[in-house]
There are 2 protein chains.
Amino acid sequence: MAGRDRTSKTAESTDKVSVICRALRRAIIEQALEPGAKLPEDSLGERFGVSRTIARHALGQLAAEGLVELRRNRIAVVATPSWQEARDAFDIRIELERLVVRQLAGKLTKPQIAELTAHVDAEDRARDGADAVSIRLATEFHILLAHMTSSPILVRYVSEVAYRCCLTLSLYSRPHSSECAINEHRAIIAALVKGDVAKAMELMHHHLDSVATRALVAPSPQRGRDLLDILAPYADEASGEKVVKLPKAARR
Amino acid sequence: MAGRDRTSKTAESTDKVSVICRALRRAIIEQALEPGAKLPEDSLGERFGVSRTIARHALGQLAAEGLVELRRNRIAVVATPSWQEARDAFDIRIELERLVVRQLAGKLTKPQIAELTAHVDAEDRARDGADAVSIRLATEFHILLAHMTSSPILVRYVSEVAYRCCLTLSLYSRPHSSECAINEHRAIIAALVKGDVAKAMELMHHHLDSVATRALVAPSPQRGRDLLDILAPYADEASGEKVVKLPKAARR
DNA sequence: ACCGCCCGAATTGCATGCAGTTCTAGCTGT
DNA sequence: ACAGCTAGAACTGCATGCAATTCGGGCGGT
């Protein structure tokens, strides 16, 4: 892994803050924290053994990345992107990752190739395991690729948008997600190694596009937008039974 | 203005924090704050009439956007992107803004067209004024365009990367910057109105590329570069280590 | 003069405290 | 029983205080 630099890359890593950021990011993309989940500063602080100040700062960072929604005087929640936002995120991601493979084609070093194939092997191995893990690994493959451009900016944007896509996947996709995706990863590596720029870009484009269209199913009759629409079908049941609250108090 | 969204999107606007962010952003892109300028928390807090906590939070946000560099236990400074980072930023920007015009071509409403032309007129008027102002206006034209996609994510990324480019312009460009750029803006609007997607994308691409190549002059020589960066490669020898790091240099 | 060394000032890292806002649950009136 | 109301809990917004670290300049050695 490349987490060993003296100057930790992107933006800032005030240590405690960035530790919390990483933990939350991971929890979010592994769907341990679902979209809409509440993130009170105190609870976070308590969990991570820091004060609210730090937890707050971390939330601010994650909000800047679009993973968390921050409304004034309200509890922060895991972001709940609209369907349209999800589609936009994928569109952006496609362009960014085309750029990645364009820069990378034919320029991978041997150790890099080894690292990539090792990662894909890991993806294969995790296939039977938890769904969340395989999603995370699939995402990390793309981020790993971005890292190899050694362009900090590109890394940052690809990471961010990939995480966002991950988030939307947990909202709009069906259970099964990345079956043949792993093979597509291999195909991309092959094209990169061969130095076939056009092919690599096309493969990446198709790969992401297929993931997007497979995941983001219906544009819906009327622009499936807010969670109000999503909750509509459940409204009937809800009227008959109490709304289940999060066991937040159960913590202590 | 085009304040169409109910909630002022983009990450968070905790008021005080975002006010400071906006102020600093503007100061940075207008070059009132040059790259490398120190930004002590207390001073900021005093200037804006808030506590360090808030100033700190603002710096965190700006760092997340890449406008500020935050090193642990050290005074925050305005970011000083390397030449390569500048070039990378422009590459990303090109792809993002191509996406913008692709989405916008033929879909502009009359008031939007009016707003755009009004903005370009303002650019024209500011031509004789301060250089900083015309740079800011030029940048804001692109952001305005992004806004019209009404895709919050796209807005965010285009804004960020445009600001970063602005920043690099102040580092590596010569005094005169955007002469015919204004006409190029007009041409882009025309293509968008006509609905000529390919033309608009091509114009935008060329526009940004020419700005980049005109601005980012020297591929190798060190202009505003840090002495430390320049000496970095020699440091390895000095420390007694072997010089075995080819991959880094291989990138460019 | 030039180098490293050391100590005080400046500055950050973080926790805590208080005030203001929102949320929740219990209570009252009809 | 139920809608509306209200008080208290929960939570955020922000400032301040203290410990740890870095910065900057004077001092002695060579």
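Here is how names work: the chains are called A, B, and so on, in the same order as the sequence lines, proteins then strands, and each is numbered from 1.
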Take B:T53 and A:N73, find for each the nucleotide of DNA chain C with the closest heavy atom, and name the residue whose nucleotide sits nearer the 5' end.
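This one resolves to B:T53.
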
Measure the shortest side-chain to side-chain distance between A:H57 and B:R56 over non-hydrogen atoms and say whether it is less than 4.5 angstrom.
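Yes; the side chains approach each other to less than 4.5 Å.
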
For [X] and [N], give me the distance from atom [atom1] to atom [atom2], rounded to whole Å.
| X | N | atom1 | atom2 | result |
| --- | --- | --- | --- | --- |
| A:R71 | C:dT21 | CZ | P | 17 Å |
| A:F48 | C:dG13 | CZ | P | 20 Å |
| B:I75 | D:dT21 | CD1 | P | 17 Å |
| A:E46 | D:dC11 | CD | C1' | 14 Å |
| A:R72 | C:dC23 | CZ | P | 14 Å |
| A:D42 | D:dA9 | CG | P | 15 Å |
| B:L39 | C:dT12 | CG | C1' | 14 Å |
| B:L70 | C:dT11 | CG | P | 15 Å |

Separation of B:L99 CG from A:I94 CD1 (nearest 0.5 Å)
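A:I94 atom CD1 to B:L99 atom CG measures 9.0 Å (nearest 0.5 Å).
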
Gap separating the OG atom of A:S151 from the CD atom of B:Q84, nearest 0.5 angstrom
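If I round to the nearest 0.5 Å, the distance is 7.5 Å.
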
[options]: which one has an atom nearest the side-chain heavy atoms of [X]?
| X | options | result |
| --- | --- | --- |
| B:E41 | C:dT12, D:dT16, D:dC11 | C:dT12 |
| A:K16 | D:dC11, C:dA15, C:dT12 | C:dA15 |
| A:P40 | C:dA15, D:dT12, D:dG24 | D:dT12 |
| A:I54 | C:dC14, C:dT21, C:dT12 | C:dC14 |
| B:R56 | C:dA15, C:dT12, D:dT12 | C:dT12 |

For B:K38 and for B:V50, find the nucleotide of DNA chain D with the closest heavy atom, then tell me which residue's nucleotide is more 5'.
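Upstream on the strand: B:V50.
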
Base of D:dG17 paired with side chain of B:R52 (donor-acceptor, under 3.5 Å):
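Yes, the side chain and the base share a sub-3.5 Å donor-acceptor pair.
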
Exercise: identify the closest heavy-atom pair between B:E97 and B:H142:
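Closest approach of B:E97 to B:H142, heavy atoms only: OE1-ND1, 2.7 Å.
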
With a 4.0 Å limit, can you tell me whether A:R74 has a side-chain N or O closer than that to the phosphate oxygens OP1/OP2 of D:dT12?
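False: A:R74 side-chain N/O out of range (4.0 Å or more) of D:dT12 OP1/OP2.
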
On the 0 to 90° scale, with breaks at 30° and 60°, tag the A:F141-A:H119 ring pair as parallel, tilted or perpendicular.
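Answer is tilted, since the angle falls between 30° and 60°.
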
